[in-house]
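What follows is one structure encoded as C-alpha coordinates, with my remarks underneath.
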Amino acid sequence: MRPESSDRRDSGAAAATVRLFLLPFFLGAATVAGFAPFHLYPLPILALSGLLLLWERTRNTRSSAAAGFSFGLGMFLTGVSWVYVSLHDYGGMGMLTAAIFTFLFCAIQACYPALVGAILKRLPASRPVRLLLFFPALWALSEWVRCWLFTGFPWLALGYSQAPGSPLAGFAPVLGVFGVSLAAALVAAGLASLIARIAEQRSRVPQNQMAALFREPGAWIIVALLIAGTASSAREWTQPLPGEPTSVALLQGNIPQEMKWRPERARATLETYLRLAQAAEARLILLPETALPMFNVNVPGEYLEMLAAQGRRNGGDLLVGVPELEAPGRYYNSVMSFGSAPTQLYRKHHLVPFGDYFPLRSVLGWIMNLLHIPMSDFSRGEPVQRPMQVAGQRIAVNICYEDVFGEEIIRQLPEATMLANFTNDAWWGKSVASKQHLQISQMRAIEAGRPMLRATNTGVTAIIDPKGRIVASAPEFTTTTVTGEIHGYQGATPYVRLGNWTFLAAAALMIALPLAAQRFLQRRV
(Lines give C-alpha, C1' and ligand atoms only; values in the text may rest on other atoms or scores of the structure.)
Protein backbone atom coordinates (compact mmCIF):
# COMPACT_ATOMS: atom_id res chain seq x y z
CA MET A 1 0.00 0.00 0.00
CA ARG A 2 1.47 3.35 -1.05
CA PRO A 3 2.04 6.08 1.51
CA GLU A 4 -0.55 8.86 1.65
CA SER A 5 2.07 11.46 0.68
CA SER A 6 2.83 9.54 -2.53
CA ASP A 7 -0.89 9.57 -3.41
CA ARG A 8 -1.00 13.30 -2.89
CA ARG A 9 2.04 13.78 -5.14
CA ASP A 10 0.46 11.68 -7.87
CA SER A 11 -2.84 13.55 -7.71
CA GLY A 12 -0.96 16.86 -7.66
CA ALA A 13 1.04 15.89 -10.73
CA ALA A 14 -2.14 14.86 -12.55
CA ALA A 15 -3.83 18.15 -11.66
CA ALA A 16 -0.77 20.09 -12.87
CA THR A 17 -0.79 18.20 -16.17
CA VAL A 18 -4.44 19.05 -16.72
CA ARG A 19 -3.94 22.68 -15.72
CA LEU A 20 -0.75 23.33 -17.66
CA PHE A 21 -1.20 21.17 -20.75
CA LEU A 22 -4.57 19.55 -21.44
CA LEU A 23 -6.96 22.35 -20.47
CA PRO A 24 -4.97 25.12 -22.23
CA PHE A 25 -4.62 22.88 -25.30
CA PHE A 26 -8.38 22.40 -25.58
CA LEU A 27 -9.01 26.09 -24.92
CA GLY A 28 -6.64 26.93 -27.78
CA ALA A 29 -8.33 24.43 -30.09
CA ALA A 30 -11.74 25.91 -29.21
CA THR A 31 -10.67 29.39 -30.36
CA VAL A 32 -10.60 28.17 -33.97
CA ALA A 33 -14.40 27.93 -33.95
CA GLY A 34 -14.42 31.69 -33.53
CA PHE A 35 -12.91 32.15 -36.98
CA ALA A 36 -14.40 31.41 -40.41
CA PRO A 37 -16.22 29.31 -41.42
CA PHE A 38 -17.85 28.99 -37.97
CA HIS A 39 -17.85 32.69 -36.94
CA LEU A 40 -18.55 32.05 -33.24
CA TYR A 41 -16.66 35.25 -32.46
CA PRO A 42 -17.33 35.34 -28.67
CA LEU A 43 -15.62 31.94 -28.29
CA PRO A 44 -11.97 33.12 -28.68
CA ILE A 45 -12.63 35.79 -26.06
CA LEU A 46 -14.07 33.22 -23.65
CA ALA A 47 -11.15 30.85 -24.30
CA LEU A 48 -8.64 33.62 -23.70
CA SER A 49 -10.37 34.47 -20.43
CA GLY A 50 -9.94 30.84 -19.42
CA LEU A 51 -6.24 30.94 -20.28
CA LEU A 52 -5.80 34.12 -18.28
CA LEU A 53 -7.42 32.57 -15.23
CA LEU A 54 -5.10 29.57 -15.58
CA TRP A 55 -2.13 31.91 -15.78
CA GLU A 56 -3.30 33.56 -12.57
CA ARG A 57 -3.04 30.18 -10.83
CA THR A 58 0.41 29.20 -12.11
CA ARG A 59 3.25 29.38 -9.64
CA ASN A 60 6.19 30.45 -11.75
CA THR A 61 7.37 31.67 -15.14
CA ARG A 62 7.99 28.16 -16.46
CA SER A 63 4.45 27.03 -15.65
CA SER A 64 2.96 30.12 -17.31
CA ALA A 65 5.05 29.57 -20.43
CA ALA A 66 4.00 25.91 -20.55
CA ALA A 67 0.31 26.80 -20.35
CA GLY A 68 0.72 29.45 -23.04
CA PHE A 69 2.58 27.05 -25.29
CA SER A 70 -0.12 24.39 -24.87
CA PHE A 71 -2.81 26.96 -25.72
CA GLY A 72 -0.93 28.05 -28.86
CA LEU A 73 -0.26 24.47 -29.92
CA GLY A 74 -3.93 23.59 -29.63
CA MET A 75 -4.92 26.69 -31.61
CA PHE A 76 -2.44 26.29 -34.44
CA LEU A 77 -2.61 22.50 -34.81
CA THR A 78 -6.37 22.85 -35.12
CA GLY A 79 -6.49 26.04 -37.14
CA VAL A 80 -3.60 25.74 -39.61
CA SER A 81 -3.29 21.99 -40.07
CA TRP A 82 -3.92 22.73 -43.76
CA VAL A 83 -0.17 23.36 -43.98
CA TYR A 84 0.09 19.58 -44.17
CA VAL A 85 -2.19 19.55 -47.22
CA SER A 86 0.07 22.03 -49.01
CA LEU A 87 3.23 20.10 -48.17
CA HIS A 88 2.01 16.56 -48.74
CA ASP A 89 -0.93 16.58 -51.13
CA TYR A 90 0.36 19.25 -53.49
CA GLY A 91 3.99 19.82 -52.51
CA GLY A 92 4.96 16.16 -52.95
CA MET A 93 6.52 15.83 -49.49
CA GLY A 94 6.34 12.43 -47.81
CA MET A 95 3.55 11.85 -45.30
CA LEU A 96 5.73 11.54 -42.18
CA THR A 97 8.04 14.38 -43.20
CA ALA A 98 5.09 16.66 -43.94
CA ALA A 99 3.52 15.82 -40.58
CA ILE A 100 6.78 16.63 -38.77
CA PHE A 101 7.20 19.93 -40.62
CA THR A 102 3.59 20.89 -39.88
CA PHE A 103 3.99 20.10 -36.18
CA LEU A 104 7.24 22.06 -35.96
CA PHE A 105 5.67 25.01 -37.75
CA CYS A 106 2.75 25.04 -35.31
CA ALA A 107 5.10 24.62 -32.36
CA ILE A 108 7.06 27.69 -33.46
CA GLN A 109 3.85 29.73 -33.63
CA ALA A 110 2.87 28.45 -30.17
CA CYS A 111 5.98 30.09 -28.73
CA TYR A 112 4.29 33.50 -28.94
CA PRO A 113 1.54 32.74 -26.37
CA ALA A 114 4.21 31.02 -24.28
CA LEU A 115 6.27 34.21 -24.29
CA VAL A 116 3.25 36.27 -23.26
CA GLY A 117 2.63 33.97 -20.31
CA ALA A 118 6.26 34.10 -19.23
CA ILE A 119 6.51 37.89 -19.42
CA LEU A 120 3.16 38.39 -17.71
CA LYS A 121 4.32 36.29 -14.77
CA ARG A 122 7.51 38.29 -14.36
CA LEU A 123 5.96 41.75 -14.46
CA PRO A 124 5.36 43.00 -10.90
CA ALA A 125 1.88 44.49 -10.63
CA SER A 126 -1.46 44.22 -8.91
CA ARG A 127 -4.04 41.90 -10.43
CA PRO A 128 -6.13 44.69 -12.07
CA VAL A 129 -3.03 46.14 -13.73
CA ARG A 130 -1.76 42.73 -14.78
CA LEU A 131 -5.11 41.64 -16.21
CA LEU A 132 -6.51 44.85 -17.66
CA LEU A 133 -3.36 46.55 -18.91
CA PHE A 134 -0.36 44.23 -19.26
CA PHE A 135 -2.13 41.18 -20.66
CA PRO A 136 -4.11 42.81 -23.53
CA ALA A 137 -1.08 44.83 -24.60
CA LEU A 138 1.29 41.85 -24.50
CA TRP A 139 -1.12 39.59 -26.38
CA ALA A 140 -1.74 42.08 -29.18
CA LEU A 141 1.95 42.99 -29.42
CA SER A 142 2.88 39.31 -29.71
CA GLU A 143 0.52 39.03 -32.70
CA TRP A 144 2.05 42.13 -34.25
CA VAL A 145 5.55 40.67 -33.85
CA ARG A 146 4.30 37.43 -35.39
CA CYS A 147 3.16 39.53 -38.36
CA TRP A 148 6.71 40.45 -39.42
CA LEU A 149 9.24 38.20 -37.65
CA PHE A 150 10.71 35.58 -40.05
CA THR A 151 8.72 37.24 -42.90
CA GLY A 152 5.53 37.03 -40.83
CA PHE A 153 2.60 34.71 -40.21
CA PRO A 154 -0.35 36.70 -38.76
CA TRP A 155 -2.88 33.95 -39.47
CA LEU A 156 -5.38 33.39 -36.62
CA ALA A 157 -4.66 36.76 -35.04
CA LEU A 158 -7.44 37.28 -32.51
CA GLY A 159 -8.80 40.35 -34.29
CA TYR A 160 -9.69 38.41 -37.43
CA SER A 161 -12.23 36.36 -35.48
CA GLN A 162 -14.27 39.52 -34.90
CA ALA A 163 -14.77 40.34 -38.61
CA PRO A 164 -17.25 41.31 -39.75
CA GLY A 165 -20.09 40.68 -37.26
CA SER A 166 -18.66 41.58 -33.86
CA PRO A 167 -19.05 45.10 -32.44
CA LEU A 168 -15.29 45.03 -31.86
CA ALA A 169 -14.70 44.97 -35.63
CA GLY A 170 -15.58 48.68 -35.47
CA PHE A 171 -12.08 49.35 -34.14
CA ALA A 172 -10.50 48.10 -37.40
CA PRO A 173 -10.81 51.38 -39.37
CA VAL A 174 -9.07 53.16 -36.50
CA LEU A 175 -6.54 50.70 -35.08
CA GLY A 176 -6.33 47.88 -37.65
CA VAL A 177 -6.63 44.19 -36.94
CA PHE A 178 -4.14 44.28 -34.05
CA GLY A 179 -6.16 47.07 -32.45
CA VAL A 180 -9.16 44.75 -32.69
CA SER A 181 -7.02 42.05 -31.05
CA LEU A 182 -6.17 44.54 -28.29
CA ALA A 183 -9.85 45.32 -27.73
CA ALA A 184 -10.83 41.63 -27.78
CA ALA A 185 -8.05 40.72 -25.34
CA LEU A 186 -9.17 43.58 -23.09
CA VAL A 187 -12.73 42.22 -23.09
CA ALA A 188 -11.30 38.78 -22.23
CA ALA A 189 -9.31 40.36 -19.41
CA GLY A 190 -12.36 42.20 -18.13
CA LEU A 191 -14.32 38.97 -18.14
CA ALA A 192 -11.54 37.13 -16.29
CA SER A 193 -11.41 39.95 -13.76
CA LEU A 194 -15.16 39.66 -13.20
CA ILE A 195 -14.95 35.90 -12.73
CA ALA A 196 -12.12 36.29 -10.24
CA ARG A 197 -14.10 38.90 -8.30
CA ILE A 198 -17.21 36.68 -8.23
CA ALA A 199 -15.10 33.86 -6.81
CA GLU A 200 -13.85 36.18 -4.08
CA GLN A 201 -17.37 37.38 -3.21
CA ARG A 202 -18.91 33.94 -2.65
CA SER A 203 -19.03 34.36 1.10
CA ARG A 204 -20.82 37.70 0.97
CA VAL A 205 -24.54 38.37 0.84
CA PRO A 206 -26.03 38.78 -2.69
CA GLN A 207 -26.54 42.54 -2.32
CA ASN A 208 -22.88 43.08 -1.53
CA GLN A 209 -21.92 40.80 -4.42
CA MET A 210 -23.87 42.89 -6.92
CA ALA A 211 -22.48 46.14 -5.56
CA ALA A 212 -18.94 44.79 -5.84
CA LEU A 213 -19.51 43.73 -9.42
CA PHE A 214 -20.74 47.18 -10.39
CA ARG A 215 -17.54 48.61 -8.94
CA GLU A 216 -15.39 46.16 -10.89
CA PRO A 217 -13.50 48.11 -13.63
CA GLY A 218 -13.53 45.06 -15.90
CA ALA A 219 -17.32 45.31 -16.27
CA TRP A 220 -17.18 48.96 -17.27
CA ILE A 221 -14.35 48.31 -19.70
CA ILE A 222 -16.36 45.59 -21.48
CA VAL A 223 -19.41 47.85 -21.78
CA ALA A 224 -17.33 50.81 -22.98
CA LEU A 225 -15.53 48.76 -25.65
CA LEU A 226 -18.76 47.28 -26.99
CA ILE A 227 -20.38 50.73 -27.20
CA ALA A 228 -17.32 52.34 -28.81
CA GLY A 229 -16.94 49.51 -31.32
CA THR A 230 -20.60 49.71 -32.29
CA ALA A 231 -20.39 53.48 -32.73
CA SER A 232 -17.29 53.17 -34.90
CA SER A 233 -18.96 50.48 -37.03
CA ALA A 234 -21.90 52.79 -37.67
CA ARG A 235 -19.67 55.64 -38.82
CA GLU A 236 -18.98 56.09 -42.53
CA TRP A 237 -15.24 56.61 -42.62
CA THR A 238 -15.10 56.72 -46.43
CA GLN A 239 -17.55 57.77 -49.13
CA PRO A 240 -18.59 56.23 -52.46
CA LEU A 241 -17.42 58.03 -55.57
CA PRO A 242 -20.13 59.97 -57.41
CA GLY A 243 -21.55 58.45 -60.56
CA GLU A 244 -22.64 55.03 -61.65
CA PRO A 245 -21.18 51.86 -60.07
CA THR A 246 -18.72 49.71 -62.00
CA SER A 247 -19.84 46.29 -63.18
CA VAL A 248 -17.38 43.56 -62.21
CA ALA A 249 -16.96 39.87 -63.08
CA LEU A 250 -14.67 37.58 -61.09
CA LEU A 251 -13.75 34.37 -62.91
CA GLN A 252 -13.27 31.13 -60.96
CA GLY A 253 -11.71 28.58 -63.30
CA ASN A 254 -11.54 25.72 -60.75
CA ILE A 255 -8.36 24.25 -62.22
CA PRO A 256 -7.21 21.30 -60.03
CA GLN A 257 -3.89 22.14 -58.39
CA GLU A 258 -2.36 18.81 -59.35
CA MET A 259 -3.20 19.57 -63.01
CA LYS A 260 -2.51 23.30 -63.07
CA TRP A 261 1.11 23.26 -64.23
CA ARG A 262 1.03 20.20 -66.49
CA PRO A 263 1.90 21.26 -70.06
CA GLU A 264 -0.76 19.00 -71.55
CA ARG A 265 -3.42 20.77 -69.46
CA ALA A 266 -2.38 24.34 -70.40
CA ARG A 267 -4.53 24.56 -73.53
CA ALA A 268 -7.67 23.48 -71.64
CA THR A 269 -6.95 26.05 -68.91
CA LEU A 270 -6.57 28.85 -71.45
CA GLU A 271 -9.81 27.83 -73.14
CA THR A 272 -11.67 27.78 -69.83
CA TYR A 273 -10.68 31.32 -68.92
CA LEU A 274 -11.25 32.63 -72.44
CA ARG A 275 -14.74 31.16 -72.46
CA LEU A 276 -15.57 32.68 -69.08
CA ALA A 277 -14.10 36.06 -70.08
CA GLN A 278 -15.96 36.25 -73.38
CA ALA A 279 -19.23 35.43 -71.62
CA ALA A 280 -18.73 38.27 -69.11
CA GLU A 281 -20.27 41.63 -69.91
CA ALA A 282 -18.71 43.50 -67.01
CA ARG A 283 -16.51 46.56 -67.41
CA LEU A 284 -13.92 45.09 -65.01
CA ILE A 285 -13.06 41.38 -65.31
CA LEU A 286 -10.63 39.64 -62.94
CA LEU A 287 -8.82 36.33 -63.49
CA PRO A 288 -7.08 34.76 -60.44
CA GLU A 289 -3.42 34.35 -59.50
CA THR A 290 -1.38 32.62 -62.25
CA ALA A 291 -4.61 31.92 -64.12
CA LEU A 292 -2.47 31.57 -67.24
CA PRO A 293 -0.07 28.73 -66.29
CA MET A 294 2.92 29.84 -68.36
CA PHE A 295 5.22 32.81 -68.69
CA ASN A 296 3.59 35.84 -70.26
CA VAL A 297 6.02 35.68 -73.17
CA ASN A 298 4.83 32.14 -73.94
CA VAL A 299 1.13 33.00 -74.00
CA PRO A 300 0.02 33.14 -77.67
CA GLY A 301 -0.26 36.74 -78.82
CA GLU A 302 -3.66 36.15 -80.39
CA TYR A 303 -4.96 34.84 -77.04
CA LEU A 304 -3.96 38.02 -75.21
CA GLU A 305 -5.49 40.08 -78.01
CA MET A 306 -8.80 38.24 -77.61
CA LEU A 307 -8.77 39.06 -73.90
CA ALA A 308 -7.96 42.70 -74.64
CA ALA A 309 -10.67 42.85 -77.31
CA GLN A 310 -13.23 41.62 -74.79
CA GLY A 311 -12.17 44.35 -72.38
CA ARG A 312 -12.50 47.02 -75.07
CA ARG A 313 -15.87 45.62 -76.15
CA ASN A 314 -17.14 46.07 -72.58
CA GLY A 315 -15.62 49.54 -72.31
CA GLY A 316 -13.17 48.40 -69.65
CA ASP A 317 -10.33 46.05 -68.83
CA LEU A 318 -9.30 42.56 -67.70
CA LEU A 319 -6.80 41.97 -64.89
CA VAL A 320 -5.03 38.65 -65.37
CA GLY A 321 -2.73 36.69 -63.06
CA VAL A 322 0.26 35.40 -65.03
CA PRO A 323 3.95 34.61 -64.30
CA GLU A 324 6.01 37.39 -65.85
CA LEU A 325 9.46 36.62 -67.27
CA GLU A 326 11.78 39.62 -67.19
CA ALA A 327 15.08 37.86 -67.92
CA PRO A 328 16.43 34.30 -67.77
CA GLY A 329 16.19 33.18 -64.13
CA ARG A 330 14.27 36.31 -63.12
CA TYR A 331 10.49 36.13 -63.06
CA TYR A 332 7.60 37.56 -61.06
CA ASN A 333 4.20 36.51 -59.78
CA SER A 334 2.31 39.27 -61.57
CA VAL A 335 -1.06 40.68 -62.51
CA MET A 336 -1.31 42.34 -65.93
CA SER A 337 -4.10 44.45 -67.43
CA PHE A 338 -5.49 44.17 -70.97
CA GLY A 339 -8.23 46.22 -72.56
CA SER A 340 -9.12 49.87 -72.99
CA ALA A 341 -6.40 51.27 -70.74
CA PRO A 342 -2.67 50.92 -71.51
CA THR A 343 -1.24 47.62 -70.25
CA GLN A 344 -0.15 47.86 -66.61
CA LEU A 345 1.30 45.34 -64.20
CA TYR A 346 1.69 44.60 -60.52
CA ARG A 347 4.43 42.34 -59.19
CA LYS A 348 4.00 40.44 -55.94
CA HIS A 349 6.26 41.84 -53.26
CA HIS A 350 5.63 39.79 -50.09
CA LEU A 351 6.68 36.30 -51.13
CA VAL A 352 5.85 33.12 -49.20
CA PRO A 353 8.95 31.23 -47.98
CA PHE A 354 9.25 27.77 -49.59
CA GLY A 355 6.22 28.53 -51.77
CA ASP A 356 7.24 31.60 -53.76
CA TYR A 357 10.97 31.47 -52.97
CA PHE A 358 13.54 29.54 -50.94
CA PRO A 359 15.26 31.52 -48.16
CA LEU A 360 18.82 30.74 -47.09
CA ARG A 361 19.27 28.49 -50.09
CA SER A 362 22.80 27.48 -49.08
CA VAL A 363 21.51 26.20 -45.72
CA LEU A 364 17.94 25.13 -46.48
CA GLY A 365 18.31 24.10 -50.10
CA TRP A 366 17.82 20.45 -49.15
CA ILE A 367 14.14 21.20 -48.51
CA MET A 368 13.78 21.88 -52.25
CA ASN A 369 14.50 18.21 -52.85
CA LEU A 370 11.55 17.25 -50.62
CA LEU A 371 9.11 19.58 -52.37
CA HIS A 372 7.96 19.65 -55.97
CA ILE A 373 6.47 23.11 -56.34
CA PRO A 374 6.56 24.69 -59.80
CA MET A 375 7.34 28.39 -60.09
CA SER A 376 8.84 28.42 -56.58
CA ASP A 377 11.66 30.92 -57.04
CA PHE A 378 9.93 34.20 -57.88
CA SER A 379 11.72 37.53 -57.71
CA ARG A 380 10.37 40.21 -55.40
CA GLY A 381 8.41 43.17 -56.77
CA GLU A 382 8.83 46.73 -55.50
CA PRO A 383 7.42 47.37 -52.00
CA VAL A 384 5.41 50.40 -53.17
CA GLN A 385 3.50 50.16 -56.45
CA ARG A 386 0.82 52.47 -57.81
CA PRO A 387 -2.78 51.33 -58.19
CA MET A 388 -3.83 50.18 -61.64
CA GLN A 389 -6.00 52.72 -63.45
CA VAL A 390 -8.50 50.53 -65.25
CA ALA A 391 -12.24 50.55 -66.00
CA GLY A 392 -12.64 53.99 -64.46
CA GLN A 393 -11.24 52.81 -61.11
CA ARG A 394 -7.87 52.76 -59.35
CA ILE A 395 -7.32 49.19 -58.18
CA ALA A 396 -4.95 48.34 -55.29
CA VAL A 397 -3.78 44.89 -56.37
CA ASN A 398 -2.47 42.28 -53.95
CA ILE A 399 -1.66 38.66 -54.71
CA CYS A 400 -2.58 35.68 -52.52
CA TYR A 401 -0.90 35.82 -49.11
CA GLU A 402 -0.18 39.56 -49.40
CA ASP A 403 -3.61 40.49 -48.09
CA VAL A 404 -2.75 39.20 -44.61
CA PHE A 405 -0.45 42.22 -44.14
CA GLY A 406 -2.71 45.21 -43.59
CA GLU A 407 0.03 47.81 -43.35
CA GLU A 408 1.33 46.75 -46.76
CA ILE A 409 -2.12 47.00 -48.36
CA ILE A 410 -2.58 50.63 -47.29
CA ARG A 411 0.55 51.67 -49.18
CA GLN A 412 -1.68 52.14 -52.24
CA LEU A 413 -4.24 54.17 -50.29
CA PRO A 414 -6.03 56.56 -50.23
CA GLU A 415 -5.31 56.81 -53.97
CA ALA A 416 -6.93 53.45 -54.74
CA THR A 417 -10.72 53.27 -54.98
CA MET A 418 -10.98 49.47 -54.70
CA LEU A 419 -8.91 46.55 -53.40
CA ALA A 420 -8.43 43.38 -55.42
CA ASN A 421 -6.96 40.10 -54.24
CA PHE A 422 -5.82 37.51 -56.80
CA THR A 423 -5.23 34.12 -55.24
CA ASN A 424 -4.97 30.39 -55.76
CA ASP A 425 -6.22 28.74 -52.59
CA ALA A 426 -6.28 25.33 -54.27
CA TRP A 427 -3.04 24.68 -52.37
CA TRP A 428 -5.12 24.12 -49.23
CA GLY A 429 -7.54 21.59 -50.64
CA LYS A 430 -10.94 21.21 -48.99
CA SER A 431 -9.83 22.64 -45.66
CA VAL A 432 -11.06 25.68 -43.72
CA ALA A 433 -8.10 27.73 -44.98
CA SER A 434 -9.93 29.27 -47.94
CA LYS A 435 -12.71 30.61 -45.73
CA GLN A 436 -10.17 31.83 -43.17
CA HIS A 437 -8.44 33.66 -46.02
CA LEU A 438 -11.76 35.19 -47.06
CA GLN A 439 -12.25 36.49 -43.52
CA ILE A 440 -8.82 38.10 -43.67
CA SER A 441 -9.87 39.90 -46.86
CA GLN A 442 -13.01 41.06 -45.07
CA MET A 443 -10.82 42.64 -42.39
CA ARG A 444 -8.73 44.42 -45.05
CA ALA A 445 -11.92 45.92 -46.52
CA ILE A 446 -13.00 47.23 -43.10
CA GLU A 447 -9.56 48.70 -42.34
CA ALA A 448 -9.35 50.47 -45.69
CA GLY A 449 -12.99 51.49 -46.07
CA ARG A 450 -12.88 50.06 -49.59
CA PRO A 451 -14.63 47.21 -51.40
CA MET A 452 -12.49 44.11 -51.90
CA LEU A 453 -12.73 41.95 -55.03
CA ARG A 454 -11.41 38.38 -54.63
CA ALA A 455 -10.66 36.40 -57.78
CA THR A 456 -9.62 32.85 -56.87
CA ASN A 457 -8.95 29.64 -58.74
CA THR A 458 -11.07 27.28 -56.64
CA GLY A 459 -12.70 29.65 -54.12
CA VAL A 460 -13.71 31.55 -52.20
CA THR A 461 -14.31 34.06 -55.03
CA ALA A 462 -16.28 36.98 -53.59
CA ILE A 463 -17.23 40.65 -53.64
CA ILE A 464 -16.86 42.32 -50.23
CA ASP A 465 -18.24 45.75 -49.32
CA PRO A 466 -16.35 48.38 -47.24
CA LYS A 467 -17.99 47.08 -44.05
CA GLY A 468 -16.53 43.62 -44.66
CA ARG A 469 -19.87 42.09 -45.66
CA ILE A 470 -20.00 39.57 -48.51
CA VAL A 471 -22.11 40.99 -51.33
CA ALA A 472 -21.75 37.99 -53.64
CA SER A 473 -19.69 34.80 -53.62
CA ALA A 474 -19.29 31.50 -55.46
CA PRO A 475 -19.32 27.96 -54.08
CA GLU A 476 -15.87 26.43 -53.83
CA PHE A 477 -14.60 23.99 -56.45
CA THR A 478 -16.99 25.12 -59.17
CA THR A 479 -16.26 26.74 -62.53
CA THR A 480 -18.27 29.93 -62.42
CA THR A 481 -18.34 33.73 -62.51
CA VAL A 482 -19.28 36.11 -59.70
CA THR A 483 -20.81 39.36 -60.94
CA GLY A 484 -21.95 42.58 -59.32
CA GLU A 485 -21.96 46.36 -59.48
CA ILE A 486 -19.63 48.13 -57.08
CA HIS A 487 -18.92 51.78 -56.31
CA GLY A 488 -15.34 52.86 -55.85
CA TYR A 489 -14.66 54.73 -52.59
CA GLN A 490 -12.69 57.81 -51.63
CA GLY A 491 -11.39 59.17 -48.36
CA ALA A 492 -9.18 57.60 -45.73
CA THR A 493 -9.80 55.82 -42.46
CA PRO A 494 -7.53 56.66 -39.51
CA TYR A 495 -5.80 53.32 -40.07
CA VAL A 496 -5.01 54.23 -43.68
CA ARG A 497 -3.39 57.46 -42.47
CA LEU A 498 -1.47 56.13 -39.47
CA GLY A 499 -1.16 52.38 -39.99
CA ASN A 500 -0.26 50.41 -36.87
CA TRP A 501 1.29 53.37 -35.08
CA THR A 502 -1.87 54.23 -33.11
CA PHE A 503 -2.22 50.64 -31.91
CA LEU A 504 1.47 50.41 -31.04
CA ALA A 505 1.32 53.65 -29.06
CA ALA A 506 -1.74 52.46 -27.12
CA ALA A 507 -0.18 49.07 -26.33
CA ALA A 508 3.12 50.64 -25.31
CA LEU A 509 1.39 53.09 -22.97
CA MET A 510 -0.60 50.27 -21.35
CA ILE A 511 2.70 48.69 -20.34
CA ALA A 512 4.93 51.72 -19.79
CA LEU A 513 2.64 53.92 -17.70
CA PRO A 514 1.99 51.40 -14.88
CA LEU A 515 5.68 50.47 -14.75
CA ALA A 516 6.67 54.16 -14.63
CA ALA A 517 4.09 54.89 -11.94
CA GLN A 518 5.27 51.95 -9.86
CA ARG A 519 8.88 53.06 -10.16
CA PHE A 520 7.93 56.61 -9.18
CA LEU A 521 6.08 55.42 -6.08
CA GLN A 522 9.00 53.22 -5.04
CA ARG A 523 11.33 56.22 -5.23
CA ARG A 524 8.95 58.29 -3.13
CA VAL A 525 8.93 55.60 -0.47
Side-chain angles (χ1 to χ4, degrees), residues 36-37 82 85 90 245-262 265-293 303 306-307 309-311 313-314 316-322 335-339 390-391 395 397-400 403 418-442 445 451-465 468-486:
W82 43 261
V85 177
Y90 301 115
T246 299
S247 56
V248 300
L250 316 178
L251 311 187
Q252 182 172 293
N254 191 33
I255 310 301
Q257 185 59 36
E258 63 271 19
M259 304 293 293
K260 182 178 175 68
W261 297 104
R262 292 187 180 182
R265 175 67 192 230
R267 181 182 181 89
T269 298
L270 294 180
E271 290 175 349
T272 295
Y273 279 112
L274 181 61
R275 173 174 53 82
L276 292 173
Q278 290 182 332
E281 299 179 354
R283 191 176 178 192
L284 179 62
I285 302 173
L286 275 59
L287 283 69
E289 177 188 16
T290 57
L292 310 186
Y303 182 88
M306 285 189 284
L307 291 180
Q310 179 66 15
R313 190 178 303 117
N314 294 347
D317 300 272
L318 290 88
L319 302 185
V320 182
V322 59
V335 169
M336 304 183 72
S337 73
F338 302 97
V390 292
I395 309 297
V397 173
N398 55 90
I399 298 176
C400 192
D403 73 339
M418 292 183 183
L419 309 178
N421 177 250
F422 299 75
T423 192
N424 176 28
D425 287 350
W427 282 104
W428 301 326
K430 296 181 179 181
S431 68
V432 298
S434 296
K435 290 184 173 64
Q436 291 174 347
H437 197 187
L438 172 65
Q439 188 176 38
I440 289 171
S441 287
Q442 291 175 275
M452 168 73 86
L453 309 176
R454 297 193 81 239
T456 74
N457 174 24
T458 56
V460 179
T461 298
I463 299 172
I464 304 168
D465 75 6
R469 297 169 299 209
I470 298 173
V471 176
S473 64
E476 291 183 84
F477 304 102
T478 58
T479 302
T480 188
T481 300
V482 175
T483 60
E485 292 194 341
I486 302 296

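Not measured: the values here are computed from a predicted model.
The heavy-atom pair separating Ser434 from Glu476 by the smallest distance is CB-OE1, 3.3 Å. Residues Gln257 and Ala426 come closest through the heavy atom pair OE1-CB, 3.6 Å. Closest heavy-atom contact between Gly429 and Phe477: O-CZ, 3.4 Å. Closest approach of Ala277 to Leu307, counting heavy atoms only: CB-CD2, 4.0 Å. Of all heavy-atom pairs between Ile395 and Ala420, the closest is CG2-CB, 3.5 Å. The two residues His437 and Arg454 have their closest heavy-atom pair at ND1-NH2, 3.3 Å.
With hydrogens and angles disregarded, a donor-acceptor distance shorter than 3.5 Å links the side chain of Gln252 to the backbone of Pro475. When atom types are taken as modelled, the side chain of Glu289 and the backbone of Cys400 share no donor-acceptor pair closer than 3.5 angstrom. In this structure, Asp465 contributes its side chain and Ile470 its backbone to no donor-acceptor pair below 3.5 Å.
A side-chain N or O of Gln436 and one of Trp82 form a donor-acceptor pair less than 3.5 Å apart.
Of the inter-residue distances, the one linking Gln310 atom CD with Leu276 atom CG reads 11.0 Å to the nearest 0.5 angstrom. With rounding to the nearest 0.5 angstrom, the CD1 atom of Ile486 is 14.5 Å from the CZ atom of Arg283. Here the straight-line distance linking atom CE of Met452 with atom CG of Asn398 works out to 5.0 Å at 0.5 Å rounding. Once rounded to the nearest 0.5 Å, the distance linking OG1 of Thr479 with CG of Leu251 reads 11.0 Å. Of the inter-residue distances, the one linking Ile255 atom CD1 with Thr272 atom OG1 reads 4.5 Å to the nearest 0.5 angstrom. Of the inter-residue distances, the one linking Asp317 atom CG with Ser337 atom OG reads 6.0 Å to the nearest 0.5 angstrom.
For Glu281, there are no side-chain hydrogen bond (donor to acceptor under 3.5 Å, both in side chains) partners, not counting sequence neighbours.
The closest side-chain heavy-atom distance from Leu292 to Tyr303 is below 4.5 Å. At a threshold of 4.5 Å between non-hydrogen side-chain atoms, the residues Asp403 and Thr423 do not count as touching. For the pair Val390/Leu284, a side-chain contact is recorded, criterion being any heavy-atom separation below 4.5 Å from C-beta on. Under the 4.5 Å side-chain criterion, counting only non-hydrogen atoms from C-beta, Thr483 is in contact with Thr481. Considering only heavy atoms from C-beta on, Leu453 comes within 4.5 Å of Leu250 through its side chain. Side-chain contact between Pro256 and Arg265: present, with at least one pair of heavy atoms (C-beta onward) separated by less than 4.5 Å.
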### Query
Going through the checks in order, is the side-chain contact (heavy atoms from CB on, under 4.5 Å) test met by Leu318 and Leu287?
CA-CA 8 Å; Leu318 290 88; Leu287 283 69; 4.1 Å; yes
### Task
Go through Thr269 and Lys260 one step at a time and tell me if the side-chain contact (heavy atoms from CB on, under 4.5 Å) criterion holds.
CA-CA 8 Å; Thr269 298; Lys260 182 178 175 68; over 6 Å; no
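For Arg275 and Glu271, the salt-bridge test fails: no basic side-chain N is under 4.0 Å from an acidic carboxylate O.
Just one residue in the list Thr458, Asn457, Thr456, Thr290 forms a side chain to side chain donor-acceptor pair (under 3.5 Å) with Asn424, and that residue is Asn457.
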